[in-house]
There are 2 protein chains.
Amino acid sequence: MILARIQKLSVAIPENLAEMLEEEIIFGRLKSRERLTEEMVAARYGVSRSPVREALRLLERDGLVMREARRGIWVSPMSQRDFDEVYTCRIELEGLVAKQAAEFADIEKKAEFKNLLSELKQAQARNDARQFFIVDVRGSFLTYTLAGNKTLTRLLGGLEKQALRYRYHAYEQDPKIIQLSLDDTARIYDAITAGDGESAKAMTENLIREIWQSMRAGIRDAFGEG
Amino acid sequence: MILARIQKLSVAIPENLAEMLEEEIIFGRLKSRERLTEEMVAARYGVSRSPVREALRLLERDGLVMREARRGIWVSPMSQRDFDEVYTCRIELEGLVAKQAAEFADIEKKAEFKNLLSELKQAQARNDARQFFIVDVRGSFLTYTLAGNKTLTRLLGGLEKQALRYRYHAYEQDPKIIQLSLDDTARIYDAITAGDGESAKAMTENLIREIWQSMRAGIRDAFGEG
DNA sequence: CGACACCATACTGTATACAATGTACAGGTC
DNA sequence: GACCTGTACATTGTATACAGTATGGTGTCG
């Protein structure tokens, strides 16, 4: 999804704009609490305010920006509190989607996990964090697709982006956090491929809970408790 | 939230529009798969297309309408599949929010549960389904508020509306389904008030699971498997 | 009689113009 | 000097005008 802008940009300007802005926010080029005026964004991307407004609605939906009526829009502040919120929700929903992916999906698509895993390893070897996260997100979306639960996908799509923001920040502080999750991720992919729903669910919940706990103090130090 | 339009309507036209349309969809005055053209909605509510477009984005966010690019917008179709998706997500998230509400909240606000419960009983006694559902939703939002988890509230806000659509339909088929949940709801409110998070979570999950199972066949007969 | 192409139409998508509101700064008053 | 008030400006919110695309019908050709 992050790289979707490779598609023709002429179609669906608001969605493409939203994806570009998402990237800017996730990778920290647009900073927490930074003001976004519609005209500024419009000028920067060479479009009018109409599609910009719609793009900002999409970002608002996913919690990446906050709007105050008639006052403006700001990049959502980061905080330990917000981080906790996102991760407590993710534990439940990512567990559920892993279970459903394991139980209902077809073998062919599951084979794609192998490619993703090797891409993850390559990115890690090259210390290419951005690429690592992008492939990681593709893995998540493959899981969502396998689960075939559109509602769940819709909910997780938003959470994923917020989570990635914190994960990328943590990476900048200490690049080796990337290594934390790779082995566990491989095991989860295996469980999904093998059709072991309960196991996939339990491992996913544990992995996310561990990542949550390991990042928590650093997030508080960087952004405050909120 | 449903009755929020009592507030000044002059502020935030898109949000107010969205709430009115939500009600139309939930209570079946706008039917499944019905076409919505922007101009029609605009004319009906006496505004221009700009705020209508934003309102429809909000409805899309909550899964109440579906948009196909450059083709138009339709009221989301109902189906057993969609119903299953909404309820499997709700089991996890409503359980989580009940737990957090029990653990973190202050006594004063919790007292409000008593009023809500008596309002529910009154509505049930009068066979006033709409009022029953509206109060029920207020109970959910009180729980969300107590939990103090904005992210979770955002996610559940959308699910709640979709769920209510199915529940109202079920009520029309057989008005006595309202009675199903009242006793359990009372026990859950008690657990939250008593601060018993695990119990509140377990009971909430069970209640939603039971409602899900009891409604499932009827939904399939009415809307198909999807 | 059927199929394909073309055109009219209706609607969404985007740009621009206008209205309303919130904010900051300057000036005046106590 | 501090606080209040009025005004100018910046920005959001809404309306309207224009562009582009999908659909349905009609006409013509095979």
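Numbered from 1 within each chain, the chains take letters A, B, ... in sequence-line order. Keep in mind that the numbers below use all heavy atoms, side chains included, and drop hydrogens, waters and symmetry copies.
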Asker: Working to the nearest 0.5 Å, report the span between CH2 of B:Trp74 and CE of B:Met66.
Answerer: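 If I round to the nearest 0.5 Å, the distance is 10.0 Å.
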Asker: Mind checking the CG-CD spacing from A:Leu152 to A:Glu94? Nearest 0.5 Å is all I need.
Answerer: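 Taking CG in A:Leu152 and CD in A:Glu94, the distance rounds to 8.0 Å.
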Asker: I'd like to know if A:Glu225 pairs up with A:Arg81 as an ion pair, taking the criterion as any Lys NZ or Arg NE/NH1/NH2 lying under 4.0 Å from an Asp or Glu carboxylate oxygen.
Answerer: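 No, this pair does not count.
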Asker: Kindly compute the distance separating CZ (A:Phe113) from OG1 (A:Thr185), expressed to the nearest 0.5 Å.
Answerer: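 Those atoms lie 10.5 Å apart.
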Asker: Do A:Glu112 and A:Arg138 have side-chain heavy atoms sitting under 4.5 Å apart?
Answerer: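 Touching, per the 4.5 Å side-chain cut-off.
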Asker: Residues from residues 33-43 of chain B sitting under 4.0 Å of DNA chain C, heavy atoms only?
Answerer: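 Only B:Arg35, B:Leu36, B:Thr37, B:Glu38 qualify.
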Asker: Considering only residues two or more places apart or on different chains, which pairs with a residue in residues 58-69 of chain B satisfy salt bridge (Lys or Arg N to Asp or Glu O under 4.0 Å)?
Answerer: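 Residue pairs with at least one partner in residues 58-69 of chain B: B:Arg57-B:Glu60, B:Glu60-B:Arg67, B:Asp62-B:Lys161, B:Glu68-B:Arg71.
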Asker: Can you measure B:Trp74 atom CH2 to C:dC11 atom P for me and round it to whole angstrom units?
Answerer: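 These atoms are roughly 11 Å apart.
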Asker: Would you tabulate the pairs of protein nitrogen or oxygen atoms and nucleotide nitrogen or oxygen atoms of nucleotides 7-9 of chain D closer than 3.5 angstrom?
Answerer:
none

Asker: Taking only N/O atoms, report every protein-nucleotides 15-20 of chain C pair under 3.5 Å with atom names and distance.
Answerer:
unit_1	atom_1	unit_2	atom_2	d
C:dA15	OP2	A:Ser48	N	2.8
C:dA15	OP2	A:Ser48	OG	2.8
C:dA15	O5'	A:Ser48	OG	3.4
C:dA15	N7	A:Ser50	OG	2.6

Asker: How bent is the helix from C:dC1-D:dG30 to C:dC30-D:dG1, measuring the angle between the end axes built from five pairs each, rounded to 10°?
Answerer: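 For the helix from C:dC1-D:dG30 to C:dC30-D:dG1, the axes at either end differ by 10°.
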Asker: Whole-Å distance between D:dT14 P and B:Arg53 CZ?
Answerer: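 Those two atoms, CZ and P, are 15 Å apart.
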Asker: If the threshold is 4.0 Å, N to carboxylate O, is there a salt bridge linking A:Lys150 and B:Asp82?
Answerer: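 Judged by the 4.0 Å cut-off on N to carboxylate O distance, A:Lys150 and B:Asp82 do not form a salt bridge.
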Asker: Taking A:Glu24 first and then A:Arg44, would you say they form a salt bridge - that is, a charged N and a carboxylate O separated by under 4.0 Å?
Answerer: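 Here A:Glu24 pairs with A:Arg44 in a salt bridge, since their nearest N and O are under 4.0 Å apart.
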Asker: Of all the heavy-atom pairs spanning B:Thr88 and B:Trp212, show the shortest one and how long it is.
Answerer: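 Between these two residues, the closest heavy atoms are CG2-CH2, 3.7 Å.
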Asker: With heavy-atom distances below 4.5 Å as the criterion, would you say the side chains of B:His169 and B:Phe223 are in contact?
Answerer: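 A side-chain contact exists here, since the closest heavy-atom pair is under 4.5 Å.
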Asker: When you compare the side chain of A:Cys89 with that of B:Leu155, does any pair of heavy atoms fall below 4.5 Å?
Answerer: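 Yes, at least one pair of side-chain atoms sits under 4.5 Å.
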Asker: Can you tell me if B:Arg71 touches the phosphate of D:dT23, counting only side-chain N or O atoms and a distance under 4.0 Å to OP1 or OP2?
Answerer: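 Affirmative; the distance criterion is met.
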Asker: With a sphere of 6.0 Å drawn around CD of A:Glu108, does it hold more than 12 non-hydrogen atoms of other residues, nucleotides or ligands?
Answerer: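 For A:Glu108, atom CD is not crowded (no more than 12 foreign heavy atoms under 6.0 Å).
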Asker: Grab the CG-P distance between A:Leu56 and D:dG13 for me, whole Å please.
Answerer: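 That distance rounds to 10 Å.
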Asker: Check DNA chain C against residues 57-68 of chain B and give the residues with a non-hydrogen atom under 4.0 Å, in numerical order.
Answerer: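 Those residues whose heavy atoms fall under 4.0 Å from DNA chain C, taken from residues 57-68 of chain B in numerical order, are B:Arg67.
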Asker: Are A:Tyr45 and A:Leu17 close enough that some pair of their side-chain heavy atoms sits under 4.5 Å apart?
Answerer: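 In short, these two side chains touch, coming nearer than 4.5 Å.
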Asker: Is B:Glu39 salt-bridged to B:Arg49, cutoff N-O under 4.0 Å?
Answerer: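 Result for this pair is no, no salt bridge flagged.
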Asker: Do the charged groups of A:Lys201 and A:Glu92 touch, with an N to O distance under 4.0 Å?
Answerer: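 Between A:Glu92 and A:Lys201 there is no salt bridge, as every charged N stays at least 4.0 Å from the carboxylate O atoms.
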Asker: Tell me the interatomic distance from B:Glu54, atom CD, to C:dT14, atom C1', rounded to whole angstroms.
Answerer: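 Taking atom C1' of C:dT14 as the reference, CD of B:Glu54 is at 14 Å.
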